[in-house]
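Order of appearance sets the numbers: ligands from 1, and atoms from 1 within every ligand. Any value given below was found using the heavy atoms of this structure, including those in side chains, with hydrogens, waters and symmetry copies removed. We number each residue from 1, following the sequence as shown.
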Amino acid sequence: MSMLWLTLLLSWPAAASSSNARPGCEEKCGDVIVPYPFGIDDPKCAMDEYFFLNCSRSVSPPQLWFRINIEVFNISVEDGTMIGSIWTAERCYDGLGDYNYTDVRTNLGDGPFRFSDTRNKLTAFGCDTYAYMGDLVGSFWSGCISICNNESAKITENSCSGIGCCHTPLPKSTKSLNLTLRSAYNHSRLGNFMPCDYAFLADETFNLLDFRLSDYDKSSSNATIEWVVKEGKCPDDQNSNVYRCGDNTNCDYSENGEGYRCLCKPGFQGNPYLGCHDIDECKEKERYHCEGTCKNTFGNYTCDCPIGMHGDGKVSCQGFRITTIAAVIGAAIFTMTVGILAFIACRERRKKRNFFNNGGMILKHQRVRIFSEAELIKATKNYDKSNFLGEGGFGSVYRGVLSDDTQVAVKKPKEADKIRVSQEFQHEMGIVSQINHKNVVKILGLCLQTKVPLLVYEFVSNGTLFHHIHSKSSQVLKTWKNCLRIAAETASALDYFHSLASPPIIHGDVKSTNILLDDNYMAKVADFGASVLISPNQTAMATKMQGTFGYLDPEYLMTGNLTEKSDVYSFGVVLVELLTGVKPGSHKTLASNEKISIIQYFLSSIEDYSLRQILSFEVADETEMEEIEIVAELASKCLRSSCLNRPTMRQVSEELDRIKKLHDNLWAQENSEETEHLLGDSSVSNRFQHATAEIAHPETHSVVSFDIENYGDSM
Ligand SMILES: *[C@@H]1O[C@H](CO)[C@@H](O)[C@H](O)[C@H]1NC(C)=O
Ligand SMILES: *[C@@H]1O[C@H](CO)[C@@H](O)[C@H](O)[C@H]1NC(C)=O
Ligand SMILES: *[C@@H]1O[C@H](CO)[C@@H](O)[C@H](O)[C@H]1NC(C)=O
Ligand SMILES: *[C@@H]1O[C@H](CO)[C@@H](O)[C@H](O)[C@H]1NC(C)=O
Ligand SMILES: *[C@@H]1O[C@H](CO)[C@@H](O)[C@H](O)[C@H]1NC(C)=O
Ligand SMILES: *[C@@H]1O[C@H](CO)[C@@H](O)[C@H](O)[C@H]1NC(C)=O
Ligand SMILES: *[C@@H]1O[C@H](CO)[C@@H](O)[C@H](O)[C@H]1NC(C)=O
Ligand SMILES: *[C@@H]1O[C@H](CO)[C@@H](O)[C@H](O)[C@H]1NC(C)=O
């Protein structure tokens with residue numbers, strides 16, 4: 001109990017000194033805080049008679065008055081300002097030349113007060129208005145003119161530019177104000193339209209739009225009055241009686257006329273006229289940063305970084321805390337232990353997995369959904385013909401709609417060779433479920449209740465690339481931009497198969513019917529029935545012949561070895577198909593009656609610069625033609641007879657990406673900066689020259705062609 005009293009007693013002086021008023025003086029008049037040197041109620045509460053204000057408590061809420069006619073709303077010690085209302089000068093005409101008026105004479109008196117020259121403006125409002133401003137001793141004279149007619153008076157924005165409103169700044173050191181209004185024509189030209197003129201001081205809070213409202217009180221306005229504690233210089237001897245600043249303060253000069261104010265020294269706070277006290281920075285963590293051990297000093301504070309760390313704690317500490325180091329070591333030991341356990345667990349699991357490798361059990365490890373047979377029958381309306389999408393490798397594909405409205409593609413095996421088909425399906429499933437690439441058709445799940453499993457894929461809505469290339473009605477591939485994009489997307493997916501998926505995958509049946517286009521015509525590679533997983537030590541794989549005539553790698557035909565470069569060849573054929581719009585495997589009869597394959601025809605057109613004639617779409621401009629030539633060269637490299645001379649899918653994909661980016665940038669540029677068009681053109685063609693030089697030495701190509709006029713989609 002005695003402790004509590006002691007605490008209260010000790011805290012009392014601190015509470016008093018944090019007050020803005022002199023001890024024993026009232027600090028507030030209504031809502032307005034009256035800081036020392038100002039005072040109310042008792043002249044002793046103010047620094048001198050100039051700072052003694054009249055708090056009129058007979059009205060509610062109480063009003064604080066400076067001199068007789070300025071109501072005070074705010075006093076700031078930091079800024080040395082006071083917000084007070086000043087009367088408005090007003091003239092109202094009756095349209096016959098007669099008028100009522102209020103002129104304004106305001107005097108701030110002999111005290112250290114001035115109208116702020118930076119925050120106030122003489123502002124006049126009216127349509128035939130001359131506003132004059134001077135002081136009462138005639139030391140300056142100034143004014144502004146505002147004119148308008150009925151149209152311009154409708155201006156709604158907050159602008160004061162001479163039409164219906166004008167303003168002009170105040171000179172420095174203005175201690176009194178004489179505002180008068182005059183009119184050029186006694187408003188006779190305007191009749192009763194806006195009959196009143198106003199002139200007043202407005203500070204930065206003034207809003208013209210408010211003023212225009214008819215219910216706005218136009219009789220006064222808020223102006224900023226600046227004050228100093230004493231006119232004159234800071235005394236040399238700060239201990240002298242005339243010095244008006246308290247302890248731990250600096251003397252500061254006002255910019256508006258002569259006189260000084262007081263400011264707390266850095267590290268101190270409070271009312272500088274009563275004396276400033278030390279800030280306990282360690283208690284104000286938001287304003288004073290400290291990362292370590294904080295210690296308050298008189299006028300400052302120290303901050304030492306925690307043990308083990310270095311630097312300025314007030315800014316930041318570097319290094320690691322002892323506790324952090326301990327935590328990191330602990331975490332490391334924990335991670336290692338978990339890692340070792342996980343490694344052992346993995347090895348156990350791999351053993352099991354190998355055991356099931358050839359069976360359907362592999363599927364259990366994939367994150368796919370298991371569908372019931374009934375669910376898929378319902379989704380595809382029992383594999384109705386209307387839902388038939390096409391034949392993929394080893395099965396037919398049906399479109400289906402699941403109960404949650406998701407569209408799917410269901411791949412149903414042909415019943416012919418159940419065992420083989422079953423193996424192929426599991427094989428495809430094993431490959432596809434490992435793949436996650438935006439340009440590859442995603443597998444959603446499978447159904448194991450049927451004799452051979454059904455695979456459920458995401459539904460790709462816009463059909464095959466083959467359809468879009470060869471259907472006259474499709475417009476997608478009529479622009480180079482789309483052809484280029486689809487080529488790049490396909491290449492990116494194949495590159496992913498070859499180099500990103502683990503183990504690497506050879507698609508084995510790259511062709512335009514296996515490239516699907518989604519809602520946005522984005523390419524998605526499908527059908528992995530022919531795909532081959534390559535184990536790390538193998539580079540090629542002897543498989544039974546599969547693939548599609550027209551797209552087949554001639555070296556694979558001869559050797560039977562399927563390699564990643566076989567996909568590169570097939571992709572080259574797809575590029576030719578995209579560029580020419582001609583089905584691979586078909587032939588051209590030359591003038592000499594010689595029949596050559598479309599591939600040969602394409603390659604010779606590059607050599608004799610007639611590429612443009614065989615393109616299936618309109619070329620927009622020369623820049624685009626340059627891009628097409630680069631892609632055609634790229635296709636010819638993919639079609640080289642020897643695997644070793646073909647680029648990798650990575651190289652192809654990167655090159656296509658590069659051209660696509662160039663194309664997109666150019667397109668964006670042309671659309672945004674028409675003025676730079678010419679400059680841009682020349683710099684771009686330089687870049688193209690560089691690119692063309694890289695692939696300027698095409699080899700001779702030997703091409704295996706098939707004498708089949710009507711080739712099928714798949715073997
Ligand atoms: C304050 O103003 C009121 C009128 O508003 C007046 O009656 C009163 O005498 C004034 N008091 C002082 C101390 O000036
Ligand atoms: C006085 O003005 C200051 C800013 O200049 C503001 O923070 C404060 O709230 C105002 N006080 C009153 C009572 O209007
Ligand atoms: C002037 O003021 C008086 C009294 O308020 C009023 O009767 C008269 O109509 C006013 N005259 C004009 C021109 O506004
Ligand atoms: C105020 O200004 C007017 C002119 O607009 C002038 O006639 C008048 O004498 C001035 N009053 C004082 C007190 O200076
Ligand atoms: C003001 O408006 C009236 C009708 O709205 C029109 O007759 C008159 O000419 C206008 N006066 C001016 C100065 O625009
Ligand atoms: C304006 O009115 C005053 C007083 O009624 C008169 O002396 C003056 O001649 C008038 N001026 C004009 C331009 O009508
Ligand atoms: C002046 O400021 C005070 C306080 O912000 C406000 O209540 C008052 O309405 C203002 N007066 C004018 C004329 O804007
Ligand atoms: C506090 O002390 C530091 C040096 O430790 C100095 O740089 C800084 O200016 C001082 N701050 C104040 C408010 O005195």
Original post:
Applying a strict 4.0 Å limit to heavy atoms, is Phe211 in contact with ligand 7?
Top reply: no
Subject >> Residue-ligand contact Ser85/ligand 7, heavy atom below 4.0 Å >> reply: no
Sidechain N-carboxylate O distance under 4.0 Å for [X], [Y]:
| X | Y | value |
| --- | --- | --- |
| Arg119 | Glu204 | yes |
| Lys660 | Asp664 | yes |
| Arg91 | Asp197 | no |
| Arg57 | Asp41 | yes |
| Glu231 | Lys175 | yes |

Original post:
Taking only heavy atoms of Gly299, which atoms of ligand 8 are found under 4.0 Å from at least one of them?
Top reply: 12 (C), 13 (C), 14 (O)
Subject >> Which of the ligand 8 atoms, numbered from 1, are nearer than 4.0 Å to a heavy atom of Pro266 >> reply: 13 (C)
Subject >> Student check: side-chain heavy atoms of Asp304 and Lys295 closer than 4.5 Å >> reply: no
Closest approach of any protein heavy atom to [atom], naming residue and atom:
| atom | result |
| --- | --- |
| atom 2 (O) of ligand 4 | Asn178 ND2, 2.4 Å |
| atom 7 (O) of ligand 4 | Arg182 NH2, 5.0 Å |
| atom 13 (C) of ligand 4 | Leu136 CD2, 3.6 Å |
| atom 5 (O) of ligand 8 | Lys314 NZ, 4.3 Å |

**OP:** Verify the neighbour count for atom CG of Asp110: are there more than 12 heavy atoms of other residues, nucleotides or ligands below 6.0 Å?
**Re:** no
Original post:
Relative to the heavy atoms of Phe73, which atoms of ligand 7 are at a distance of less than 4.0 Å?
Top reply: 1 (C), 2 (O), 3 (C), 4 (C)
Original post:
Given Asp312, Ile279, Asn300, which one has a non-hydrogen atom that is nearest to atom 14 (O) of ligand 8?
Top reply: Asn300
**OP:** For atom 11 (N) of ligand 7, state which one of Asn74, Asn222, Asp203 supplies the nearest heavy atom.
**Re:** Asn222
**OP:** Specify side chain, backbone, both or neither for Trp141, according to which of its non-hydrogen atoms lie closer than 4.0 Å to ligand 4.
**Re:** side chain
Subject >> Donor on one side chain, acceptor on other, Asn296 and Asp278, under 3.5 Å >> reply: yes
Original post:
Heavy-atom contacts under 4.0 Å between Tyr216 and ligand 7: side chain, backbone, both, or neither?
Top reply: side chain
**OP:** State whether the shortest distance between N or O atoms of Tyr132 and N or O atoms of ligand 4 falls below 3.5 angstrom.
**Re:** no
**OP:** Would you indicate whether Cys165 and Cys160 have their SG atoms under 2.5 Å apart?
**Re:** yes
